[in-house]
Enquirer: 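Sharing a structure, written as structure tokens. Questions coming.
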Amino acid sequence: MRIARFSIDGNVAFGAVEGDGPDGLVLDIIKGIPYSEFELSGTKVPLNKVRLLPPVLPNKVVAIGRNYAEHAAELGHEVPDVPVAFFKPTTSVIGSGDAIEYPSFSDEVHHEAELAVVIGRMCREVPRERVKDVVFGYTCANDVTARDAQKREKQWARAKGFDTSCPLGPWVETDLDPGDLAIQATVNGEQRQLGRTSDMIRSIEDLVVHITEAMTLLPGDVILTGTPAGVGPLHVGDEVAVTIEGIGTLTNKVIKRG
């Protein structure tokens with residue numbers, strides 16, 4: 001099931017996405033929130049009549065760096081012995097169709113297409129065999145990065161945590177095997193990244209176990225699983241799209257921060 005979060009007439013709700021094609025999609029409004037048992041209301045609105053919001057409002061976004069060998073190599077890095085984890089703040093999260101605001105402190109902003117894992121229940125110290133029980137679903141993400149600041153500052157808080165640097169969407173797909181999905185990024189329609197989730201160095205199970213050894217994850221929290229090779233620059237006026245097989249396409253325009 002595809003679960004979207006949206007606003008219409010000043011109200012925010014979740015809905016199940018039904019239909020095919022951009023003009024044929026409708027939202028069946030969900031009663032309550034989707035992390036526990038829920039009912040569909042039967043009230044349906046066309047997707048093109050609403051504004052899509054980030055599909056979740058995470059308490060935290062835990063991101064993983066250098067989880068694809070070719071991406072590590074293209075930046076001149078070795079594959080780390082353990083997963084490299086960092087945070088993106090909630091203020092970095094935007095939805096599909098929202099603008100990425102080019103930060104004033106950078107001259108080299110890059111796209112990074114990623115599969116995002118959405119957590120469905122509070123969990124800590126999750127054993128490998130229980131990982132599927134705590135995952136709500138999957139969505140597309142763009143780990144937008146101020147690459148020059150990342151190199152200059154030697155840590156990633158500003159480079160990867162600036163406002164609008166974490167586009168998520170367009171919705172969460174709850175019925176999906178994430179083991180071998182095509183993941184692509186385009187800029188102005190030109191392909192920049194193309195990889196498969198099967199190329200991850202560490203699996204989703206590895207990442208959930210590793211992260212929850214240290215911290216509690218809450219419903220709606222997000223794990224970014226790393227990006228394949230092909231990252232590259234974004235400029236004001238560009239339109240960047242992340243497409244993941246079985247999920248959909250996350251699209252954002254780059255604007256000057258004003």
Side-chain angles (χ1 to χ4, degrees), residues 52-54 58 60-80 83-116 139-170 183-195 199-201 222-244 249-258:
L52 282 178
L53 302 173
K60 53 189 169 293
V61 177
V62 187
I64 302 297
R66 305 173 192 169
N67 199 29
Y68 288 76
E70 290 186 1
H71 170 59
E74 74 179 346
L75 296 183
H77 299 145
E78 296 182 354
V79 174
V84 175
F86 58 94
F87 294 106
K88 292 176 83 80
T90 57
T91 47
S92 70
V93 175
I94 58 174
S96 189
D98 292 336
I100 298 167
E101 297 182 359
Y102 207 104
S104 58
F105 60 85
S106 175
D107 295 313
E108 187 185 3
V109 170
H110 283 194
H111 57 82
E112 294 191 9
E114 308 204 7
L115 175 70
T139 192
C140 305
N142 193 345
D143 177 20
V144 183
T145 301
R147 192 71 68 203
D148 50 353
Q150 183 185 25
K151 296 173 183 176
R152 182 174 62 245
E153 298 178 8
K154 308 301 182 184
Q155 52 78 35
W156 303 351
R158 294 208 315 158
K160 287 178 172 284
F162 63 87
D163 290 354
T164 74
S165 66
C166 189
L168 298 174
I183 178 169
Q184 175 181 254
T186 64
V187 177
N188 302 325
E190 177 185 349
Q191 183 177 290
R192 293 277 189 86
Q193 291 181 268
L194 182 62
D199 294 327
M200 287 183 192
I201 296 165
V222 170
I223 299 172
L224 304 189
T225 58
T227 192
V231 301
L234 294 171
H235 302 99
V236 172
D238 285 345
E239 183 176 83
V240 56
V242 175
T243 301
I244 300 180
T249 300
L250 165 69
T251 303
N252 301 93
K253 190 100 172 185
V254 182
I255 66 171
K256 182 179 180 180
R257 178 178 288 182

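All residue numbers refer to positions in the sequence shown, counting from 1.
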Enquirer: So how far is it from Leu168 CG to Leu224 CG, rounded to the nearest 0.5 Å?
Expert: 7.0 Å

Enquirer: Looking at every heavy atom in both Ser165 and Pro167, which two are closest together, and how far apart are they?
Expert: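 Taking Ser165 first and Pro167 second, the nearest heavy atoms are C-CD, 3.5 Å.
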
Enquirer: Quick check against the 3.5 Å criterion: does Thr91 have a side-chain atom that pairs as donor or acceptor with the backbone of Asp163?
Expert: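 It does not hold such a pair.
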
Enquirer: Identify the two heavy atoms, one from Gly237 and one from Asn188, that lie closest to each other, and give their separation to 0.1 Å.
Expert: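 Distance-wise, the nearest heavy atoms are O-OD1, 4.3 Å.
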
Enquirer: With rounding to the nearest 0.5 Å, note down the distance linking CG in Asn142 to CD1 in Ile100.
Expert: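 Rounded to the nearest 0.5 Å, the CG-CD1 separation comes to 5.0 Å.
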
Enquirer: Considering all heavy atoms of both residues, which atom of Ser92 and which atom of Gly161 are nearest to each other, and what is their separation?
Expert: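 Heavy atoms of Ser92 and Gly161 come nearest at CB-O, 4.0 Å.
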
Enquirer: Atom OH of Tyr68 and atom OG1 of Thr225: how far apart are they, to the nearest 0.5 Å?
Expert: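 The distance works out to 5.0 Å.
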
Enquirer: With side-chain hydrogen bond (donor to acceptor under 3.5 Å, both in side chains) as the rule and sequence neighbours excluded, what pairs involving residues 94-108 come up?
Expert: Arg51-Asp98, Ser106-Asp148, Glu108-His110

Enquirer: With a 3.5 Å distance limit and no angle check, can you tell me whether Lys88 reaches the backbone of Lys160 through a side-chain donor-acceptor pair?
Expert: yes

Enquirer: What's the separation between atom CD1 in Ile94 and atom SG in Cys166, rounded to the nearest 0.5 Å?
Expert: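 Spacing of CD1 (Ile94) from SG (Cys166) equals 8.5 Å.
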
Enquirer: Is any side-chain heavy atom of Pro103 closer than 4.5 Å to one of Arg257?
Expert: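 Side-chain contact under 4.5 Å: yes.
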
Enquirer: Ignoring hydrogens and geometry, is there a side-chain-to-backbone donor-acceptor pair from His71 to Gly230 under 3.5 Å?
Expert: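 No.
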
Enquirer: Does Val187 offer a backbone N or O that forms a donor-acceptor pair with the side chain of Asp238 under 3.5 Å?
Expert: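 Pair absent, no side-chain N/O of Asp238 close to backbone of Val187.
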
Enquirer: Check Gly169 against Thr139 and note the closest heavy-atom contact, atom names and distance.
Expert: O-OG1, 3.2 Å

Enquirer: Quick one: are Pro228 and Asp199 in side-chain contact, heavy atoms under 4.5 Å?
Expert: no

Enquirer: Quick one: CD on Gln191 to OG1 on Thr186, what's the gap to the nearest 0.5 Å?
Expert: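 The CD atom of Gln191 sits 8.5 Å away from the OG1 atom of Thr186.
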
Enquirer: Can you name the nearest heavy-atom pair linking Phe162 to Ala146, along with the distance?
Expert: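 Shortest heavy-atom separation between Phe162 and Ala146 comes out as CE2-N, 3.9 Å.
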
Enquirer: Which heavy atom of Val240 sits nearest a heavy atom of His111, and at what distance?
Expert: CG2-CB, 4.0 Å

Enquirer: Quick one, Pro233 and Arg192 - any side-chain contact, counting heavy atoms below 4.5 Å?
Expert: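 A side-chain contact under 4.5 Å exists here.
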
Enquirer: Inspect the surroundings of CD in Glu70 and state if more than 12 heavy atoms from other residues, nucleotides or ligands are less than 6.0 Å away.
Expert: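 Counting neighbours around CD of Glu70, 12 or fewer heavy atoms of other residues, nucleotides or ligands fall under 6.0 Å, so no.
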
Enquirer: Is there a donor-acceptor pair closer than 3.5 Å between any side-chain N or O of Glu114 and the backbone N or O of Gly226?
Expert: yes

Enquirer: Tell me, do Asp143 and Phe86 make a side-chain contact under 4.5 Å, heavy atoms counted?
Expert: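 The answer is yes, as the side chains (C-beta and beyond) meet within the 4.5 Å cut-off.
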
Enquirer: To the nearest 0.5 angstrom, please state how far the CD atom of Gln193 sits from the OG1 atom of Thr227.
Expert: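 It is 4.0 Å, given to the nearest 0.5 Å.
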
